[in-house]
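See below for the structure under consideration.
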Amino acid sequence: MADSPESLRQLLRMKLGRQKFVVVSNREPYVHAFQHGRMRWTRPVSGVTTALDPLMRVSHGLWVAHGNGPADRQASDTNGFVEVPPDQPEYRLKRVWLTKEQREKYYDGFSNGALWPLCHVAFRRPVFREEHWKAYREVNELFADKVAEEIGESRAFVFIQDYHFALLPRMLRERCPNALIAQFWHIPWPNPEVFRICPWRHEILEGMLGNDLLGFHIRYHCQNFMETVDREIEARPDQELTAIVLRGHTTRIRAFPISIDFAGTSRRAASSETDALAESLRRKFHIREKWIVGLGVDRLDYTKGIPERMAALDIFFAKYPQYQRRVVFVQVGVPSRTELEEYQSLNDEVYRAVRKLNRKYGYREWQPVIYIRDNLDQPSLVALYRMAHFLVVSSLHDGMNLVAKEYVASQVDSNGVLLLSKFAGAARELRDALLINPFAPSEVAEQIREAVEMDSIEIRRRMGRMRERVRENNIYKWAGSILKKLSKLA
Ligand code: F6P
């Protein structure tokens, strides 16, 4: 099994031969911008791009994505191509340009205003608007054309990412008859009762059934999808093959729990650069060595349960005053989808919750919560992971949650406690975490206390087992399993 960059490279060589390998996603892996008049590049905060970049580096393939950085056009050639990573090129990125209106309706509107709440079932009402749906279809068409320009009728592997492109598989099948098409759905799939409120459910399902292989994080989402299809359209589920046959075409449905580059993250965590960075972060944010550090790292998204986490901290400090001035919680909140009202109000809500806690309990230089509302780079995040005695992932619903796995990979001396929502896909694998119900803040407060008081042998035992799990099921193995499965269908 491909579980390292080298073995994945060999597998790719064996399975792909000279065929093209194309990844399609909405979010691009590298973003160009101007800073003080000079062109700079950054990496976005996105589980998908972080997970796929290592795969692309070994495959040297082509990545097609929406170019939305302020300096993206200047950094790309006339056809939207740019070599990436910019400092050490290993593959090509083809940027697709969208108009402001397309972006607002396809990305903010249908993808994040309708499909995101629909699939996450996080008690936010999805908004279905005809004009958003139209733009969604239009952008899927545009991507289909752009990918078809590259592969035409040749044999190729196309690997589509996520809920932005439910219609793309079928559109591509029509344009590129010799391509093998796989899609990975990075967010949950709801049960049929929830999905049936979507006015365009049939088109979405038919679009996705253009894939040869369709992956979800966990089996439960696969089952939900199979049941949804069974209820909604005239397609034949094949329970034995875990496949669906629609008008003679078969789509295999499988669970592939996504992961991270365990070795790379561990290596970085163990480096002296990380120690130095942790030191400078301590100074910058006034985090005393003697304090017990709790950590949360999230995009500012209502599915992540950040206000619920603050409510749990409030109960914890009220019920266990002995931990005031001893435990500090560092919350990294990365602004996300800021055009949407839901996200703007969450932003205010988190800010208010932090301020309330700090006013209520703060004493001299100690504040219970240090709020870093910023997009920290990966080295700084790893330094924070290393520093944190415990990490809280309190998602109300989450496909996987790679922050949990990054934290595990960063605990090179197995010294840290993970509090993980039962409703995150990662909870299926990381059974040695303290599994929490974010909807029950008093319970979470108790589990924070448990984390703070856990003895070091128990901490090492739990973390050691989780590290083994993530070491083994890493991103290369994830990509390798999908590739192997897909190539068997050729
Ligand atoms: O989980 C789905 C996902 O698309 C992930 O890539 C990532 O964590 C997040 O959502 C990114 O969202 P966006 O690309 O909208 O910023």
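Just so you know, ligand 1 is whichever comes first in the structure, and atom 1 is the first atom listed for that ligand.
Polar contact with ligand 1: absent for Asn26 (N/O pair, distance under 3.5 Å). Residue Ser46 places at least one N or O, backbone or side chain, under 3.5 Å from an N or O of ligand 1. Taking only nitrogen or oxygen atoms, main chain and side chain alike, Asp162 reaches within less than 3.5 Å of ligand 1. Taking any N or O of Val45, backbone or side chain, none lies under 3.5 Å from an N or O belonging to ligand 1.
In this structure, the protein non-hydrogen atom closest to atom 5 (C) of ligand 1 is Val48 CG2, 3.6 Å. Nearest non-hydrogen protein atom to atom 15 (O) of ligand 1 is Tyr107 OH, 2.4 Å. Protein heavy atom in closest approach to atom 14 (O) of ligand 1: Arg27 NE, 2.9 Å. In this structure, atom 9 (C) of ligand 1 lies nearest to the protein heavy atom Arg299 NE, 3.5 Å.
Against a heavy-atom cut-off of under 4.0 Å, Ile187 is close to the following atoms of ligand 1: 1 (O), 2 (C). In summary, the atoms of ligand 1 found under 4.0 Å from a heavy atom of Gly47, numbered by their order in the structure, are 5 (C), 6 (O), 7 (C), 8 (O).
Contact check on Glu472 versus Arg469 returns no salt bridge, with no Lys/Arg side-chain nitrogen under 4.0 Å from an Asp/Glu carboxylate oxygen. The pair Glu141-Arg175 meets the salt-bridge criterion, with a side-chain N (NZ, NE, NH1 or NH2) lying under 4.0 Å from an Asp/Glu carboxylate O. Salt-bridge formation is not detected for the pair Glu138/Lys105: no Lys NZ or Arg NE/NH1/NH2 atom is positioned less than 4.0 Å from an Asp or Glu carboxylate oxygen.
Residue Met400 places no heavy atom under 4.0 Å from ligand 1.
For atom 10 (O) of ligand 1, the candidate residues are Arg337, Glu28, His66, Gln161; the nearest heavy-atom contact is made by Arg337.
Both tests pass for Arg92 against the ring of Phe81: distance under 6.0 Å to the centre and angle within 45° of the axis.
The environment of Arg267 atom CZ is sparse: at most 12 non-hydrogen atoms of other residues, nucleotides or ligands sit within 6.0 angstrom. Within a 6.0 Å sphere centred on CD of Gln74, other residues, nucleotides and ligands contribute more than 12 heavy atoms.
Judged by distance alone, the side chains of His66 and Glu28 never bring a donor and an acceptor atom under 3.5 Å apart.
Ring-plane geometry between Trp189 and Phe225 is classed as perpendicular, the angle between the planes exceeding 60 degrees on a 0 to 90 degree scale with a lower cut at 30.
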